[in-house]
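Being a predicted model, the structure only gives us computed values, none of them experimental. Naming convention: chains lettered A, B, ... in sequence-line order (proteins, then strands); numbering from 1 in each chain.
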Amino acid sequence: MKTYLTKQFYGDYGDRESVKESSGIAADSARDWPLWEVFVRSKMGLDHKHVGSLHAADARMAIENARDVYTRRQEGISIWVVESRHIHASNPDDAASFYDPADDKVYRHPTFYELPDELKAM
Amino acid sequence: MEKNGTIQLETIFQDRIDQEIRIEPKDWMPDKYRQTLIRQISQHAHSEIVGMLPEGNWITRAPSLKRKATLIAKVQDEAGHGLYLYSAAETLGISRAEMINQLHSGKAKYSSIFNYPTLTWADIGAIGWLVDGAAIMNQVPLCRTSYGPYARAMVRICKEESFHQRQGFEILLTLSRGTDAQKAMCQDAINRWWWPSVMMFGPSDEASPHTAQSMRWKIKRFTNDELRQKFVDICAEQVKILEMHLPDPDLKWNEKRGHYDFGPINWDEFWQVIGGNGPCNKERLAARIKAHEDGAWVREAASAFAAKQQQKQKAAVA
Ligand SMILES: [Fe+2]
Ligand SMILES: [Fe+2]
């Protein structure tokens with residue numbers, strides 16, 4: 001069986017980051033603090049959107065730093081942070097086969113249906 | 001077999017570039033492309049970080065509360081720019097710690113402009129107008145660079161940069177309408193910052209062997225000389241509003257070319273400063289290293305605190 005969903009880091013990062021041990025704490029100071037992905041909701045009614053990433057010792061610091069780095073000009077009213085190693089992503093190498101089930105289903109689009117021009121409001 | 005495979009991958013890669021499809025971190029890319037980007041993006045990040053030092057020099061001495069608040073905001077932006085760019089470089093597989101090491105050991109370079117001193121308040125104006133101006137000229141085309149995370153970082157940076165240039169020009173404009181001493185200070189700052197700013201675009205095209213490949217990969221969209229010419233053309237006009245002049249006796253509008261001609265660049269000075277012999281190279285690097293070392297206990301304390309909190313949480317669950 002082919003598994004389509006392999007453990008991948010969020011699209012913006014490489015495999016190096018997906019460390020096995022899950023302490024999330026940089027054991028020695030030479031190592032970087034854990035990496036966090038930052039998502040910002042720019043105004044009520046909109047989705048949180050990925051804006052970038054940063055290093056922080058814990059979630060609280062990640063949120064505070066995200067505020068200082070990504071919302072200095074009122075770009076957001078809500079912030080999500082998630083440690084990058086917890087994000088799973090689809091594999092771009094499989095993109096062709098992974099998404100091809102949708103390729104031959106044009107009937108999912110409204111333009112597939114040919115209707116008379118007289119038909120209004122549809 | 002393996003070789004054929006790589007050639008095929010390279011063809012697909014170049015094809016995507018040619019079609020203006022962005023490259024993302026998990027996509028296959030030639031090693032040279034990755035290395036070129038790591039070098040360019042990290043150098044760029046280091047420049048943003050070291051670039052805080054000459055301006056930080058004037059925060060405590062800014063002439064008014066408004067100027068002080070503005071300067072703090074600008075310097076804080078530069079820290080943010082450094083961070084966006086470090087993050088973009090990290091997506092290519094180099095760690096933050098490694099990049100910082102490269103900067104501190106002198107292995108990685110940063111823009112040579114930041115090795116010049118900021119002697120008077122007018123220098124803060126000249127930096128905003130000319131140094132940020134040159135940076136913007138470089139950075140706007142990078143918003144369309146072929147590597148996705150780099151392009152996205154640049155979009156964010158460019159949005160923030162325009163205030164930097166405007167506040168700088170405003171400082172100079174105020175001085176240019178002031179007393180004779182203030183006017184002289186304004187002209188003096190322009191005199192000292194003009195040529196180093198012109199050099200910010202890097203060596204001339206004949207002396208940059210990697211430009212062709214970077215253009216093919218659409219990392220770069222314009223050559224150094226093309227951008228430099230644009231910069232000169234714009235500044236030669238803007239300086240008139242200040243009723244000042246640029247320190248170049250050869251600067252002259254060339255009707256035929258539709259551009260300003262300008263005098264020869266002192267490349268010897270450029271290479272000297274890059275090579276570590278600028279007026280402030282040692283001071284800048286020493287300040288960076290000191291800040292990093294003095295901050296070590298903070299980083300350790302934050303890690304220790306996070307570890308302790310996590311232990312507590314585990315204990316509470318158990
Ligand atoms: Fe900047
Ligand atoms: Fe700037």
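- From B:Ser303, atom OG reaches atom CG of A:Asp32 across 10.0 Å, with rounding to the nearest 0.5 Å.
- Within 6.0 Å of CD on B:Glu20 lie more than 12 heavy atoms contributed by other residues, nucleotides or ligands.
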I'd like to know whether B:Phe305 forms a side-chain contact (heavy atoms from CB on, under 4.5 Å) with A:Met61, so could you lay out the CA-CA distance, the side-chain angles of the two residues, the decisive distance to 0.1 Å, and finally the verdict.
CA-CA 11 Å; B:Phe305 179 76; A:Met61 184 194 273; over 6 Å; no

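- Shown here for B:Lys26 and A:Pro92, the closest heavy-atom pair between the two residues is CB-CG, 3.4 Å.
- Interface remark: A:Arg60 contributes no atoms to any contact with chain B (heavy atom separation under 4.5 Å).
- Considering CZ of B:Arg156 and CD of A:Glu75, their distance stands at 7.0 Å, rounded to 0.5 Å.
- In this structure, CG on A:Asp68 lies 6.0 Å from CD on B:Gln76, to the nearest 0.5 angstrom.
- A:Arg72 CZ: more than 12 foreign heavy atoms inside a 6.0 Å radius.
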Could you go step by step and tell me if A:His55 and B:Glu90 meet the side-chain contact (heavy atoms from CB on, under 4.5 Å) rule?
CA-CA 11 Å; A:His55 291 275; B:Glu90 283 175 83; 2.5 Å; yes

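- Atom CG of A:Asp47 sits in a sparse spot, with 12 or fewer heavy atoms from other residues, nucleotides or ligands closer than 6.0 Å.
- No other option in B:His81, B:Gln309, B:Glu160 has as many heavy-atom pairs under 4.5 Å with chain A as B:Glu160.
- Looking only at distances, no side-chain donor or acceptor of A:Asp58 sits under 3.5 Å from a matching main-chain atom of B:Ala306.
- Other residues, nucleotides and ligands contribute only 12 or fewer heavy atoms inside 6.0 Å of the NZ atom of B:Lys290.
- Counting non-hydrogen atoms of neighbouring residues, nucleotides and ligands closer than 6.0 angstrom, the CG atom of B:Asp31 reaches no more than 12 such neighbours.
- In this structure, A:Val69 and B:Tyr84 have side chains that are in contact, with non-hydrogen atoms separated by less than 4.5 Å.
- Chain A forms the most heavy-atom pairs under 4.5 Å with one residue out of B:Asp77, B:Ile100, B:Leu83, and that residue is B:Asp77.
- A distance-only check finds no donor-acceptor pair linking the side chain of A:Ser53 to the backbone of B:Ser87 [under 3.5 Å].
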